[in-house]
Chemist: 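Submitted below is the structure of interest, expressed as structure tokens.
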Amino acid sequence: MKRKEGFSVKKGFLIILAVFLFPVVSYSQNAAGGESGGVDRYAVFIGCNSAGKNYQKLLYAGTDAMAFQKTMAEIGGISRSNGILLLEPSRTDLDDAMNSIAKKISEKKNGSKRSEFLFYYSGHSDENSLLLGKDRYDYSELKAAINNIPSDVHVVILDSCYSGNFIRTKGGQKQKPFLVDDSSVVKGHAYLSSSSSQEFSQESDEIGSSFFTNSMLTGLRGAADSSGDKKVTLNELYSYAFTETLAKTEKTSAGPQHPNYNITLVGSGDLVLSDITNSDSVLHIAADLTGRFIIRDENGKLISEVNKLHDSPVYLALEEGSYDVMLIERNRTRQGSFTLANGKVFKLSADSFKTVAVEDNRVRGQEDDSNEDNKDNKEKELVYVPVDFSFVANELSRVFGKRLRSNMSFGFFNTNIYELEGIIFSGGTSFTELTRGLQFSTIFSSSKELHGVQASAIFNTTHSAEGIQAAGVFNHAHNVNGVQASSIFNSAHDVKGIQAAAVFNSAHDFTGVQASSIFNSARNLRGVQASGIFNAADSINGVQASAIANVAGEINGLQSTGIFNKADYVSERSLQLGLVNYAKSLDGIQIGLVNISDDGILETSFSYTSNNNLRAVLTSGAKRFHSVFGFSMSAKNIYRNNYSDGVTYDMIMGFGSRLELSNLNFDFEIHANEIFHSDRIKEEAEDGVTYYPSARFAAGFAPSSHFKIFTGLIISVEHEKYEDSFYDFNSNIHFKCREFTFHPEFEAGVSISFN
């Protein structure tokens with residue numbers, strides 16, 4: 001049983017040492033960035049659009065809940081692992097979430113000065129209960145479930161109709177909120193409702209949210225900070241949300257909406273709900289600017305609406321990106337734009353704006369566009385020609401001097417058709433307001449609205465496309481419903497369907513399949529993102545797959561690659577699959593050679609067994625499902641002077657689960673073991689099989705957070721068909737059952753944890 005010539009035991013141990021030094025380096029780099037604090041925060045966020053057939057389906061309850069979770073994760077101190085998001089839940093889902101949070105708080109109760117729990121609900125309700133689809137959850141049951149959460153502080157935010165009924169407790173009184181630095185003596189509750197006990201709660205298509213939640217989120221991001229300390233307290237937030245919600249609903253058909261509160265807190269200071277300084281990018285509105293600021297992202301979505309009345313600066317925690325801002329003052333309106341970069345503060349000053357004309361003055365002799373005759377006259381300005389052509393610069397359109405509608409257009413340099421029913425061709429530039437058929441250009445194609453196929457050897461651009469957009473070099477569209485394909489580059493704001501490119505894809509919100517041979521990029525992806533090399537996305541709901549690397553903010557589904565996966569948060573029932581996996585926060589599962597997460601397992605173990613074997617193992621991943629990789633070798637091989645017969649060692653790979661009870665932990669693992677030994681043994685082994693399964697049970701005690709001692713039982717299973725493979729297997733105890741031989745051994749050792 002001899003090993004191949006040239007093998008060195010020292011080389012083998014150097015390989016093992018390199019494997020186990022990797023997490024040490026990773027730990028030393030992350031140790032300085034570790035967080036510590038006296039307050040642990042937990043939350044349940046619920047969005048429920050449906051409440052049965054007798055209720056109108058809401059549009060924004062789910063997105064409101066997701067936005068609230070995102071905001072609290074960024075600047076509210078509630079990590080993804082400590083927050084549970086429920087969309088369209090049942091009663092059972094809600095009970096399970098509350099029990100899970102209660103268990104987490106109980107397990108960490110002794111490790112923090114104070115724990116705080118936030119419950120947020122957006123959806124339907126009536127005078128007595130939350131309406132979860134077909135289920136009802138009575139307010140009395142909800143209060144009991146919240147009271148069973150063993151936290152020091154309970155904050156409840158309900159954005160639903162008649163939610164004021166929840167806070168009408170027997171003997172309850174409205175009181176001024178107190179507390180929350182890291183003082184350890186803080187107790188009580190805070191109940192905030194979006195409406196009174198007799199009012200509807202309203203949502204708006206214009207802002208894409210409910211009035212109350214939109215005001216809360218804007219306030220949390222800094223608009224409610226009346227003191228200017230870059231922190232938003234409970235008192236500041238409620239005052240801001242009340243004023244803004246009432247102002248925006250006073251003239252709605254459902255009538256004014258009055259948020260309510262019931263706050264009973266005992267402590268010192270005021271309860272801080274968000275800290276603007278925790279944001280990666282901040283907008284600073286200069287002190288000398290006053291008025292209503294309307295901030296929209298580059299897609300035109302309303303992000304924040306701030307009514308600044310005082311001469312003091314306002315700081316807003318916003319995401320990295322480009323924004324447009326409108327400043328409405330008493331006598332004028334000004335417009336500007338800005339870009340927020342990661343780790344930077346952008347100051348919005350008077351120089352950032354330009355005055356825009358907004359007055360609509362009546363001119364003597366001006367036509368009334370509301371008059372039907374005048375509307376008909378304007379329609380007549382659109383001239384119809386069956387076929388249009390252009391050799392230089394739109395001869396027909398210049399002759400008519402009016403907009404053209406055509407079935408077909410040809411041109412070598414430039415065509416400009418307002419509305420096209422059929423085909424347009426241009427050797428140079430082609431442009432249409434509306435295209436319903438096929439538009440083709442070897443250089444450039446542009447259409448504000450496309451229904452059909454747009455193709456170009458160089459460049460295509462469109463505001464909205466339905467169908468197929470294809471280019472030899474570049475495609476760009478704001479909204480695509482169908483297929484966008486390019487051999488070089490695709491870019492779209494919103495895509496529903498298939499986006500494919502040989503080199504690069506980019507999209508803001510994507511639903512469908514995004515595929516490229518090189519690189520994919522998306523902000524929010526629902527579906528499949530596949531690339532031959534690299535994928536990047538802020539949020540994944542589906543599958544992200546590449547041959548080299550994946551990077552994502554939040555994973556809800558599968559992230560798979562041949563080498564490296566990185567995610568800020570891997571949600572429950574989600575999976576990272578790769579050679580090396582990293583997650584900042586992990587509730588799902590990691591499968592790989594090395595798995596790293598801030599709240600998971602990353603440790604190396606060294607043990608000695610009763611069969612005189614030495615084991616070195618790397619354990620990484622989540623506690624409920626972790627990966628195992630390591631080596632085992634007979635101790636006698638270390639002290640041998642003659643290695644002519646070769647050296648045998650086993651490579652260990654497997655999976656396991658861990659149960660933790662205070663300072664004790666218990667592991668159960670299943671391993672696949674590969675035997676590495678000399679060529680002679682391999683030749684004698686029938687079919688060359690050199691592997692076997694094993695199971696491991698271990699119990700450990702951790703006197704400190706990074707050190708553990710443990711003992712365990714390992715049972716290796718040998719099949720008689722492959723017994724020659726076990727020629728050099730070190731076993732002092734074994735027993736046989738039919739065609740199987742079991743090799744039990746006891747181990748004792750130490751572990752070093754890097755989390």
Side-chain angles (χ1 to χ4, degrees), residues 19-20 22-23 26 30 80-81 85 505 510-604 617-630 651-658 667-674 691 693 696 754-755:
V19 169
F20 293 111
F22 172 81
S26 176
N30 293 330
R80 294 282 187 176
S81 59
L85 174 65
N505 283 320
F510 186 86
T511 301
V513 177
Q514 187 183 45
S516 174
S517 62
I518 304 293
F519 180 70
N520 286 317
S521 174
R523 284 197 178 181
N524 298 301
L525 178 73
R526 294 171 293 275
V528 178
Q529 187 184 48
S531 173
I533 295 182
F534 181 70
N535 287 317
D538 286 349
S539 176
I540 296 290
N541 288 279
V543 177
Q544 186 184 44
S546 74
I548 305 295
N550 290 315
V551 175
E554 180 174 343
I555 295 293
N556 293 288
L558 171 65
Q559 187 183 46
S560 175
T561 184
I563 297 180
F564 179 68
N565 285 316
K566 178 184 181 297
D568 290 337
Y569 173 62
V570 178
S571 67
E572 193 173 3
R573 299 178 184 174
S574 297
L575 172 65
Q576 275 188 316
L577 180 62
L579 190 65
V580 179
N581 299 306
Y582 171 77
K584 188 173 183 180
S585 181
L586 176 66
D587 282 337
I589 293 174
Q590 295 174 314
I591 299 179
L593 189 66
V594 178
N595 305 294
I596 305 171
S597 64
D598 291 355
D599 49 4
I601 300 173
L602 183 63
E603 63 184 31
T604 50
V617 175
L618 172 67
T619 304
S620 61
K623 294 174 184 177
R624 62 175 178 168
F625 188 90
H626 58 256
S627 298
V628 177
F629 175 73
M651 184 175 70
I652 306 165
M653 299 184 69
F655 305 103
S657 182
R658 172 168 295 179
D667 291 340
F668 171 73
E669 299 170 354
I670 300 295
H671 301 157
N673 305 270
E674 177 76 13
Y691 59 84
R696 175 179 179 266
F754 306 101
N755 274 353

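Numbers for residues simply follow the sequence, beginning at 1.
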Chemist: Under the rule for side chain to side chain donor-acceptor pair (under 3.5 Å), what residues qualify as partners of Ser521, not counting sequence neighbours?
Modeler: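 Scan of Ser521 (side chain to side chain donor-acceptor pair (under 3.5 Å), adjacent residues dropped) gives none.
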
Chemist: Within this structure, what is the CD1-CD1 distance for the pair Ile533 and Ile548, rounded to the nearest 0.5 Å?
Modeler: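 Here the rounded value is 6.5 Å.
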
Chemist: If you measure from CD1 on Ile589 to CD on Glu572, what distance do you get to the nearest 0.5 Å?
Modeler: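 It comes to 9.5 Å.
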
Chemist: So, Asp587 versus Ser571: side-chain donor-acceptor pair below 3.5 Å or not?
Modeler: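 Not at all, the side chains of Asp587 and Ser571 share no donor-acceptor pair under 3.5 Å.
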
Chemist: Picking from Gln590, Lys566, Gln544, what satisfies side-chain hydrogen bond (donor to acceptor under 3.5 Å, both in side chains) with Gln559?
Modeler: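 The residue from Gln590, Lys566, Gln544 that satisfies side-chain hydrogen bond (donor to acceptor under 3.5 Å, both in side chains) with Gln559 turns out to be Gln544.
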
Chemist: Which atom pair, heavy atoms only, marks the closest approach of Ala547 to Thr561?
Modeler: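 Closest pair (atom of Ala547, atom of Thr561, distance): C-OG1, 3.6 Å.
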
Chemist: If a pair satisfies ring pair (Phe, Tyr, Trp, His ring centres under 6.0 Å) and one of its residues is in residues 516-571, list it, with sequence neighbours excluded.
Modeler: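 Listed by first then second residue: Phe504-Phe519, Phe519-Phe534.
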
Chemist: As an exercise, state the distance from CG of Asn755 to CG of Asp599, rounded to the nearest 0.5 Å.
Modeler: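 These two atoms lie 8.0 Å from each other.
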
Chemist: Quick one: do the Arg624 and Ser657 side chains pair a donor with an acceptor below 3.5 Å?
Modeler: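 No, no side-chain donor-acceptor pair sits under 3.5 Å.
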
Chemist: How long is the span from the CD1 atom in Ile652 to the CG atom in Leu618, to the nearest 0.5 Å?
Modeler: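 CG of Leu618 is found 11.5 Å from CD1 of Ile652.
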
Chemist: When you measure from the side chain of Gln529 to the backbone N and O of Ala536, does any donor-acceptor pair fall under 3.5 Å?
Modeler: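 A pair under 3.5 Å: yes.
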
Chemist: So, the side chain of Ser597 versus the backbone of Ala583: is there a donor-acceptor pair under 3.5 Å, distance only?
Modeler: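 The answer is no, because no donor-acceptor pair under 3.5 Å joins these two groups.
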
Chemist: Under 3.5 Å, is there a donor on one side chain and an acceptor on the other for Ser546 and Asn550?
Modeler: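 Result is yes, a qualifying pair exists.
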
Chemist: Do Ile601 and Phe754 touch side chain to side chain, with heavy atoms closer than 4.5 Å?
Modeler: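 A side-chain contact under 4.5 Å is absent here.
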
Chemist: Applying side-chain contact (heavy atoms from CB on, under 4.5 Å), run through Ser539 and Asn541 and close with a yes or a no.
Modeler: CA-CA 7 Å; Ser539 176; Asn541 288 279; 3.7 Å; yes

Chemist: Could you check if a side-chain atom of His626 sits within less than 4.5 angstrom of a side-chain atom of Asp667, using non-hydrogen atoms only?
Modeler: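 Answer yes - side chains close enough.
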
Chemist: Nearest 0.5 Å, what's the CG-CZ distance between Leu586 and Arg80?
Modeler: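 It is 14.0 Å, given to the nearest 0.5 Å.
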
Chemist: To check you understand the geometry: which heavy-atom pair defines the closest contact between Gly557 and Ser574, and what is its length?
Modeler: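 Smallest interatomic distance, heavy atoms only, reads N-OG, 2.9 Å.
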
Chemist: Can you find a heavy atom in the side chain of Ile591 that is under 4.5 Å from one in the side chain of Leu575?
Modeler: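 They are in side-chain contact.
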
Chemist: Apply side-chain contact (heavy atoms from CB on, under 4.5 Å) to Phe655 and Ser627, showing your working.
Modeler: CA-CA 5 Å; Phe655 305 103; Ser627 298; 3.9 Å; yes

Chemist: Please lay out, stage by stage, how Tyr582 and Asn595 fare under the test side-chain contact (heavy atoms from CB on, under 4.5 Å).
Modeler: CA-CA 6 Å; Tyr582 171 77; Asn595 305 294; over 6 Å; no

Chemist: Please round to the nearest 0.5 Å and tell me the distance separating atom CG of Leu577 and atom CG of Leu579.
Modeler: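 If we round to the nearest 0.5 Å, Leu577:CG and Leu579:CG are 10.5 Å apart.
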
Chemist: For a 4.5 angstrom cut-off between non-hydrogen side-chain atoms, does Val528 reach Gln514?
Modeler: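 No. Closest side-chain heavy atoms not under 4.5 Å.
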
Chemist: Do Val617 and Val628 touch side chain to side chain, with heavy atoms closer than 4.5 Å?
Modeler: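 They are in contact (side-chain heavy atoms under 4.5 Å apart), so the answer is yes.
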
Chemist: Between the side chains of Asp568 and Lys584, is the shortest nitrogen-to-carboxylate-oxygen separation below 4.0 Å, so that they form an ion pair?
Modeler: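 Between Asp568 and Lys584 there is no salt bridge, as every charged N stays at least 4.0 Å from the carboxylate O atoms.
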
Chemist: So, are Glu669 and Arg658 salt-bridged, with charged N and O less than 4.0 Å apart?
Modeler: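 Answer for the salt bridge query: no.
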
